[in-house]
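Notes for the one structure printed next.
Quick note on labels: first sequence line is chain A, next is B, and so on, each numbered from 1.
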Protein chains: 2
Amino acid sequence: MTVLTETLKALAEPTRLHMVELLKERPYSVNECAKLLDIGQPQASKHLKILNDAGLVVAKTAAQKRIYSLIPEAFCQLDEWVKSFTVLWDNRLARLDGHLTERKDKR
Amino acid sequence: MTVLTETLKALAEPTRLHMVELLKERPYSVNECAKLLDIGQPQASKHLKILNDAGLVVAKTAAQKRIYSLIPEAFCQLDEWVKSFTVLWDNRLARLDGHLTERKDKR
DNA sequence: AAAGAATATATATGTAAAGGAATATTCTTT
DNA sequence: AAAGAATATTCCTTTACATATATATTCTTT
């Protein structure tokens with residue numbers, strides 16, 4: 001399976017989606033995630049592992065705690081992919097714009 | 001489940017991901033999709049239904065054929081969401097840029 | 001070294017989703 | 001109305017995944 005589907009699958013789960021939106025604020029430890037999302041610690045660990053395996057988050061060990069934070073690259077890559085679609089419609093608008101201004105110019 | 005997870009879940013499946021990348025070229029009928037993706041017609045119909053339910057594609061009936069095409073809005077919304085993340089890093093760079101130029105200006 | 005804190009892993013269970021094959025539906029043409 | 005084309009739906013089986021609970025691991029502190 002491609003790296004993109006891995007990314008999408010990791011995000012396509014409600015709890016994990018909440019997680020990344022939580023980590024958008026700032027890095028959090030496993031327990032903090034668990035409490036803020038109202039789930040058990042094992043669940044939090046598992047979901048974070050999946051996000052980690054997908055390259056969406058990274059853990060920084062601090063004493064016994066593990067502080068998780070988002071990895072920008074993953075989201076940028078996803079952004080690139082989505083853009084490869086939205087560009088299609090943007091281009092049409094741009095081209096339309098171009099034609100209109102062209103017409104204007106010809107007047 | 002939110003509309004975003006619905007979108008992500010629909011895209012988080014290899015076959016369906018191929019489908020949308022196929023439909024990026026141009027609209028295709030069910031049979032065309034099935035042949036190009038080397039899957040059975042029922043599978044193609046099912047996956048297209050899921051994409052349809054997720055608001056990613058729409059079908060235009062032409063005789064017995066059903067021509068499927070992408071729905072721009074769905075991808076634009078996804079784009080907005082991803083941007084809400086990438087903006088974070090862009091902002092920091094922008095701010096950094098801002099500070100640097102500010103310093104430059106002060107000289 | 002022992003105890004406690006924080007996190008990771010293992011196991012079992014239930015549930016959702018994908019794949020395959022057969023069948024049903026819809027529309028067109030003669 | 002009948003036949004054929006194109007697509008949708010149903011049923012079944014299997015796999016993947018999420019949840020819950022218990023247990024193991026790792027690190028710090030005393």
Going through the checks in order, is the side-chain hydrogen bond (donor to acceptor under 3.5 Å, both in side chains) test met by A/Ser45 and A/Gln41? CA-CA 6 Å; A/Ser45 278; A/Gln41 172 269 314; 3.1 Å; yes
Please determine if a side-chain N or O atom of A/His47 lies less than 4.0 Å away from the OP1 or OP2 oxygen of D/dC17.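 So the side chain of A/His47 is outside the cut-off, no N or O lying under 4.0 Å from OP1 or OP2 of D/dC17.
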Same cluster (ILVMFWY, side-chain, under 4.5 Å), A/Leu48 and A/Ile67: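 No, because A/Leu48 and A/Ile67 fall into different hydrophobic clusters, even though each may have its own neighbours under 4.5 Å.
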Is there side-chain contact between [X] and [Y], with at least one heavy-atom pair below 4.5 Å?
X       : Y       : answer
A/Glu13 : A/Met19 : no
A/Leu4  : A/Leu78 : yes
B/Thr7  : B/Leu56 : yes
B/Leu37 : B/Tyr28 : no

Using heavy-atom distances to pick each residue's nearest nucleotide on DNA chain C, tell me which of A/Pro42 and B/Ala63 is more 5'.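 In this pair, the answer is A/Pro42.
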Would you check if the distance from the ring center of A/Trp89 to the ring center of A/Phe85 is below 6.0 Å? no
Encoded 5' to 3' (Watson-Crick or G-U under 3.5 Å; [ ] crossing; | other strand), DNA chain C becomes ||||||||||||||||||||||||||||||
Which part of the nucleic acid, if any, lies within contact of B/Ile50, taking any heavy atom under 4.0 Å across all strands shown: a base, the sugar-phosphate backbone alone, or nothing? sugar-phosphate
Heavy atoms under 4.0 Å, any strand shown: does A/Lys46 hit a base, just sugar-phosphate, or nothing?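 Contact class for A/Lys46: base.
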On DNA chain D, more 5' by nearest nucleotide between B/Gln64 and A/Ala62 is B/Gln64
Find which nucleotide of DNA chain D each of A/Thr61 and B/Arg66 is nearest to by heavy atoms, and output the residue with the more 5' nucleotide. B/Arg66
Separation of D/dT19 atom P from A/Gln41 atom CD, nearest Å, is 14 Å
Write down the distance between CG (A/Leu11) and P (D/dA18), rounded to a whole number of angstrom. 12 Å
Is the NZ or CZ atom of B/Lys60 positioned over B/Tyr68's six-membered ring, under 6.0 angstrom from the centre and within 45° of the axis? no
Among residues 15-39 of chain A, which residues get a heavy atom nearer than 4.0 Å to DNA chain D?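 Going residue by residue through residues 15-39 of chain A, the ones with a heavy atom under 4.0 Å of DNA chain D turn out to be A/Thr15, A/Arg16.
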More than 12 heavy atoms of other groups within 6.0 Å of B/Lys24 NZ: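 Atom NZ in B/Lys24 is crowded, with more than 12 foreign heavy atoms closer than 6.0 Å.
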Shortest non-hydrogen separation from A/Glu6 to A/Ala54 and the atoms involved: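 Result for this residue pair: O-CB, 4.0 Å.
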Report yes or no: does B/Glu21 contribute a side-chain atom to a donor-acceptor pair with the main-chain N or O of B/His18 at less than 3.5 Å? no
Going 5' to 3' on DNA chain C, which nucleotide is the first and which the last to come under 4.0 Å of a heavy atom in chain A?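 Range of nucleotides touched by chain A: C/dG4 to C/dT11.
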